[in-house]
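Notes for the one structure printed next.
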Amino acid sequence: MRFVDLFCGIGGFHLAAVEACRSLGISSECAFACDIDPDCRRVYRVNFGFEPVGDVTTIASSEIPDHDLLLAGFPCQPFSIAGAMKGFEDTRGTLFFEIARILDAKRPAAFVLENVKALAGHRKGETLRTILETLRGLGYRAEWRVVNALDFGLPQKRERVFIVGFKDSRANFEWPTGGARMRPLSALLERSVADKFFASEDIRRKRAIAHRPGAEPTIWHENKSGHVSKHPFSCALRAGASHNYLLVDGVRRLTEREMLRLQGFPEDFQIVCTYSQTRRQAGNAVPVPVASAVIRSALKTIF
């Protein structure tokens, strides 16, 4: 199974595709990957053995190899509640049409796309309708669903829109339901971390006013209005949020490895960049077990 990995980031979809193929006894090959961020490309090269190309808008469709499956976590900032929600008015929003361009030219059997939950309601659903109409206009049977990483064993409340499509209009796709037991935070958190991860005394004191630590670890989340809540799981990792919006037991930030674990990345995934860069990369990544389950269902549909 040959796949392409558009807007690949640090390779969450790549990992998911390989795992899904392995579980079905199918060999896999990443035929092409691209990302405009040089730091992400460097991480991808170290972990997968080749460097993605850069700006997809500069790549002719003829230069992209034939493939069976197109994967794309296309830029979400235009549709995110954390951003200005300009949608297609934002240049990054129009990058969806690069996906449409490649689908039209290469005609893979299927595609799996991922974006933020807010895409579903953006402009009262008009943006998502435009995306689906575009995909269906290309001759693909396309459907979507909001999927939560909590339902696939990850201790992270991360709801994302997944869009799947098939060239065969008779394709009988079944959405994965998840149901895996959530891994406890204690299985993901490091036992000893450096002092640099701890919040200031002032921040810790303010958090303690709102809550008290319990016997089991929790992650304390501060929303945009300043309200602090605590949960036995993490709220969604975000690329551009305050460094203190998620604190373990209200006292320290997550380490690079912990953030990658919350996204389902394996232990042998190599951390290449600085803390700030890795934090942004993890916040933009697709949760691997969720993507793997969706891809597995897609592969069972086309093979």
Side-chain angles (χ1 to χ4, degrees), residues 4-9 12-13 16 34-37 40 55-59 61 69-108 110-149 151 156-167 169 171 173 175-176 223-224 235-241 263 280 283-287 290-291 294-295 297-298:
V4 298
D5 194 5
L6 307 183
F7 316 110
C8 62
F13 257 136
C34 67
D35 199 280
I36 201 168
D37 187 317
C40 288
D55 186 355
V56 69
T57 65
T58 67
I59 307 299
S61 300
L69 178 66
L70 181 147
L71 305 172
F74 57 107
C76 65
Q77 291 90 339
F79 313 116
S80 172
I81 59 174
M85 297 191 72
K86 292 183 179 180
F88 289 127
E89 294 177 6
D90 188 314
T91 302
R92 292 168 300 188
T94 63
L95 288 173
F96 162 74
F97 294 106
E98 295 298 319
I99 297 172
R101 169 176 70 88
I102 295 168
L103 286 172
D104 189 34
K106 307 308 295 189
R107 312 299 299 169
F111 61 78
V112 178
L113 314 179
E114 180 260 1
N115 210 290
V116 292
K117 179 185 177 183
L119 174 62
H122 186 262
R123 298 289 172 85
K124 298 182 178 180
E126 180 181 345
T127 300
L128 182 56
R129 282 194 296 273
T130 299
I131 289 173
L132 292 172
E133 287 171 4
T134 301
L135 295 169
R136 290 164 181 163
L138 294 172
Y140 283 88
R141 174 186 170 184
E143 55 186 282
W144 70 279
R145 180 168 293 188
V146 175
V147 186
N148 192 343
D151 297 325
Q156 182 190 178
K157 184 180 179 182
R158 190 177 186 87
E159 297 174 294
R160 288 296 186 267
V161 166
F162 277 81
I163 305 171
V164 299
F166 302 91
K167 190 167 60 174
S169 62
F173 176 77
W175 285 98
N223 63 18
K224 295 177 71 173
C235 290
L237 300 178
R238 300 206 314 265
Q263 290 285 48
R280 176 171 52 82
N284 282 330
V286 62
V290 181
V294 176
I295 293 170
S297 291

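- R160 places none of its side-chain heavy atoms less than 4.5 Å from the side chain of V290.
- The two atoms that bring L138 and A100 nearest to each other are CD1-O, 3.6 Å, heavy atoms only.
- Within a 6.0 Å sphere centred on NZ of K106, heavy atoms belonging to other residues, nucleotides or ligands number more than 12.
- Atoms CG and CD1, from D104 and I99 in turn, are 13.5 Å apart once rounded to the nearest 0.5 Å.
- When all heavy atoms of D37 and D35 are compared, the pair lying nearest together is N-OD1, 2.9 Å.
- Annotation for V146 and K117: closest pair CG1-CG, 4.2 Å, computed over non-hydrogen atoms.
- Summarising the geometry, atom CG belonging to L135 is positioned 6.5 Å from atom CG belonging to L103; distances are rounded to the nearest 0.5 Å.
- The two residues A291 and F162 come nearest to each other via the heavy atoms CA-CE2, 4.1 Å.
- Note: I295 CD1 to L71 CG = 4.5 Å, rounded to the nearest 0.5 Å.
- Atoms CG and NZ, on D151 and K157 in that order, are 11.0 Å from each other to the nearest 0.5 Å.
- F111 pairs with exactly one of W144, F173, F74, Y140 by the ring pair (Phe, Tyr, Trp, His ring centres under 6.0 Å) rule, that one being Y140.
- Looking only at side-chain heavy atoms (C-beta outward), L128 and N115 stay at 4.5 Å or farther from each other.
- Residues L69 and P108 approach most closely at N-CB, 4.2 Å, considering heavy atoms.
- Separation of atoms CG (D55) and CD1 (I36) is listed at 4.0 Å; rounding is to 0.5 Å.
- Distance check: R238 CZ to N284 CG gives 12.0 Å after rounding to the nearest 0.5 Å.
- Between R101 and E98 there is a salt bridge, since a side-chain N of the basic residue sits under 4.0 Å from a carboxylate O of the acidic one.
- Here the shortest heavy-atom pairing between A149 and Q156 reads CB-O, 3.5 Å.
- Between V161 and L113 the shortest side-chain heavy-atom distance does not fall below 4.5 Å.
- At a threshold of 4.5 Å between non-hydrogen side-chain atoms, the residues T57 and L95 count as touching.
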